[in-house]
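Have a look at the structure below, then the notes.
Keep in mind that what you see is a predicted model, and the values were worked out from it rather than measured. Here is the naming used below: chain letters follow the sequence lines, and residue numbers restart at 1 for every chain.
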Amino acid sequence: MFVKEADRPDTSPGPHPVDFVRAAVIEDIQSGRFEGRVHTRFPPEPNGYLHIGHAKAICIDFGIAAEFNGLCNLRFDDTNPTKEDVEYVESIREDIHWLGFDWEDRLFYASDYFEQLYQFAVQLIKAGKAYVCDLSPEEIRRGRGSLTAPGVPSPYRNRPVEENLDLFRRMRDGEFPEASRVLRAKIDMASPNLNLRDPVIYRILHASHHRTGDRWCIYPTYDYAHPLSDSIEGITHSICTLEFENHRPLYDWFLEQLGVFHSRQIEFARLNLTYTVMSKRKLLELVQAGFVSGWDDPRMPTLCGLRRRGYTPEAIKNFCSIIGVTKTNSLTDIALLEHCLRENLNKTSPRAMAVLRPLRVVIDNYPEEQVEQLEAVNNPEDPGMGTRPVPFSRVLYIERDDFREDPPRKYRRLAPGREVRLRYGYFITCTDVVKDPDTGDVLELHCTYDPATRGGAAPDGRKVKGTIHWVSAAHAVECEVRLYDRLFAVEGPSDVPADRDFKDFLNPESLVVLTGCRCEPSLATAAPGARFQFERIGYFCVDPDSTPDVPVFNRTVPLRDSWAKIEKKLATASR
RNA sequence: UACCCCGUGGUGUAAUGGUAGCACAAGUGGUUUUGGUCCACUCGGUCCAGGUUCGAAUCCUGGCGGGGUAGCCA
């Protein structure tokens, strides 16, 4: 009744469970707490690139707004000029748009409110609720007490209002060096919640801000700026992650003390995925230490990395919908993400044939100069995508994996004397194997074809066990293929023994580069970003590194491979 | 050791005092010109102990386990 059908990603029939955040929103609509309004915000700090964990938050923030006929603002939480940069602002905007969300004309910055936040602070001082503290960072830390011991009041805690006002103004005017003084909220040094032990709300930072330049040398802290920014924008539901749960009393305190519009903060559990890391610090470390090529390395869980890898926004959004929203700390199997990806790609990707590790095949009884254009279906899941011609000739390449001199049990592909179907081509039978006399390596296969099986169907009803893909040697385009796999070799790289570094668990085979691959000619002109299913192998997309001479394909995700499972089982059974 | 939060199959979630369900993963079989897709089936769960109740995954109490919190980061 409240959730608009069209905006709900999950369109399956039956009753739809409502997560606890949406339940809270519904409750507020029904009680009239915000006059029925729903207004959320996505508040990234521009100090890094967005990753799939942020995508979850974006889907919640923008998704809930859309479902309840509300609005969602994009607000950069730019209160710390020492860590932030416009480079990040740009990428964040691009990534949100790529996902398919839009903030329209509601692009804001916490720094837009610096003057107003300053005035609020003055108001707090006048009310005796904030004071300038001259203690050093170390002294403040010690005075805060510990998890079990109460803090001790600062000697400056009862500074007269006039003196606080004067000092705070002079902090703003730049009279004092960094870290010499701060403005603190006067709350409760004995509170069991450490966030309430007179938290710092303004610090002196003689740093140039990416938007306000040198206009300010005092900057508000997150705890202070966030609730007030929400209030200024009229945000009804301030949805954030679990680590801010202990900050909620402080969030509420500022709004109550100042008597301003009171947003409701709701916290949910952040996303964790197996075989990767999600912390900005660790991702930055991987980039800086050169373990990956950059923030957009296709192995990164960043949105730009996933985009370059070939992920679709639809797959990511559907994944975010499926995992739900709860307060339970969890570790989601990346297989679920890959499932969503394949589900989307299967329906949308045109098929093509590419041979990653080529093995030359000569069809001895096929005419020397003959070339046929065979018709291949572009997507069996969507006949509307049509067909394309694929050239066939006497010399082909097939996948080395598709030939075995001594085929194991259940192997359905090519072997000496065996007949297989070439996809959309002919039945061929292997008649001879040419090997390097020194190494024994298979160099080339000789086969015969059955002209009656053109297109892959046998008029006599004869069956073959296997169908393999191929390219015509004379027509194939040489290309590079980058096989990407999970970044880490262990499920929980963030949760390794204390004496080990998470980087020790990187998967040494997370990238395997194949050169000299061959793809069908229709792929020669594919534009960067274009996605394909290479039949029987996986989903691939064109990398920006591609040149007109050599296209470069990234493996987005392999196809499910039941043969690999059988082979593995045979291997373990024989041991 | 203080406060806050969380404990449902291997994983992610639903059931809002009334039949523990879905998805992924795993396994078995069927269809198939992709060992893909699709279809069918199987496996497997309420942290523990008390209490309230006709009835508890759900409410209460106490344990146990996990996470968060002592930045002038967000």
Side-chain angles (χ1 to χ4, degrees), chain A residues 12 14-20 23 43-45 47 77 79-80 82-84 133 135-137 140-142 144-151 178-184 191-195 197 199-205 218-219 221-223 225-226 240-249 267 269 274 280 322-340 342-343 346-347 351 353 377 380-381 410-413 421-425 453 455-458 464-469 491 533-538 558-567:
Chain A
S12 61
H16 288 265
V18 167
D19 60 68
F20 80 99
E45 184 189 14
N47 71 341
D77 222 323
T79 56
N80 186 352
T82 65
K83 294 191 173 177
E84 296 151 8
C133 180
L135 258 24
S136 70
I140 289 180
R141 193 183 61 76
R142 268 186 282 129
R144 191 153 30 227
S146 74
L147 295 177
T148 51
E178 275 186 22
S180 60
R181 285 189 166 85
V182 292
L183 184 70
R184 289 228 253 172
S191 172
N193 183 338
L194 275 59
N195 295 124
R197 320 243 264 224
V200 171
I201 62 178
Y202 265 94
R203 73 282 215 193
I204 299 169
L205 253 27
I218 57 171
Y219 292 91
T221 57
Y222 167 88
D223 280 327
H226 206 88
C240 61
T241 44
L242 245 32
E243 67 270 26
F244 295 107
E245 204 158 25
N246 292 330
H247 296 239
R248 190 176 355 124
E267 312 85 11
T274 53
K280 279 187 194 174
I322 279 175
I323 56 174
V325 185
T326 67
K327 301 186 74 148
T328 319
N329 287 303
S330 60
L331 179 60
T332 300
D333 192 341
I334 199 163
L336 187 53
L337 210 212
E338 293 175 342
H339 163 77
C340 292
R342 290 193 185 99
E343 184 179 59
N346 177 47
K347 281 184 277 201
R351 315 281 122 129
M353 291 198 284
V377 173
E381 303 294 319
K410 296 188 178 177
Y411 189 80
R412 311 213 289 239
R413 284 113 90 151
R421 173 189 296 111
L422 294 175
R423 179 81 157 151
Y424 302 123
T453 56
V464 286
K465 280 193 288 187
T467 300
I468 65 175
H469 60 278
E491 278 203 337
Q533 183 201 96
F534 288 174
E535 294 218 26
R536 304 208 307 129
I537 304 176
L559 248 29
R560 291 187 61 184
D561 187 354
S562 58
W563 166 243
K565 287 179 190 172
I566 294 170
E567 210 176 16

What is the distance from CG of L331(A) to C1' of U11(B), rounded to the nearest Å?
8 Å
Test: E45(A) and K83(A) ion pair at under 4.0 Å
no
Whole-Å distance, E267(A) CD to C6(B) P, equals 10 Å
For the C1' atoms, the ones on G44(B) and on A2(B), what distance do you get once it is rounded to whole angstrom?
40 Å
Pairwise P distance, A56(B) and C48(B) [rounded to whole Å]:
15 Å
Can you tell me whether the side chain of E381(A) and the base of G36(B) have a donor-acceptor pair closer than 3.5 Å?
yes
Taking the same atom, P, in C43(B) and in C22(B), what whole-Å distance lies between them?
13 Å
Identify each atom pair where a protein N or O and an N or O of nucleotides 41-46 of chain B are less than 3.5 Å apart, giving names and distance.
none

Can you find a donor-acceptor N/O pair under 3.5 angstrom joining the side chain of R342(A) to the base of G36(B)?
no
Taking every non-hydrogen atom, the tightest pair across D223(A) and H247(A)
OD1-ND1, 2.7 Å
In whole angstrom, give me the gap between the P atoms of G67(B) and U1(B).
16 Å
Atom C1', compared across C47(B) and G66(B): separation rounded to whole Å
11 Å
Pairwise side-chain contact, K327(A) with L242(A), heavy-atom cut-off 4.5 Å (strictly under):
yes
Below 4.0 Å: OP1/OP2 of U34(B) and any side-chain N or O of H469(A):
no
If we take the P atom in both C4(B) and C41(B), what is their distance in whole Å?
48 Å
Is there a donor and acceptor pair, one atom on the side chain of R351(A) and one on the base of U34(B), closer than 3.5 Å?
yes
Check every strand shown and say whether K347(A) touches a base, only sugar-phosphate, or nothing at a heavy-atom separation below 4.0 Å.
nothing
Looking only at atom C1', what distance separates G63(B) and G21(B), rounded to whole Å?
30 Å
Sticking with atom C1', work out how far C39(B) lies from U46(B), rounded to a whole angstrom.
31 Å
Taking all non-hydrogen atoms of both residues, which atom of R184(A) and which atom of R197(A) are closest, and how far apart?
NH1-O, 3.7 Å
Under 4.0 Å between any heavy atoms, over every strand shown, what does R421(A) touch: base, sugar-phosphate, or nothing? Just pick one.
base
Once base and sugar-phosphate atoms are separated, protein heavy atoms under 4.0 Å mark nucleotides 69-74 of chain B, 5' to 3', with B, S and - as BBSBSB
Is the backbone N or O of N80(A) less than 3.5 Å from a side-chain atom of E84(A), with the two atoms forming a donor-acceptor pair by type?
yes
Starting at CG of L336(A) and ending at P of C22(B), how long is that distance when rounded to a whole Å?
16 Å
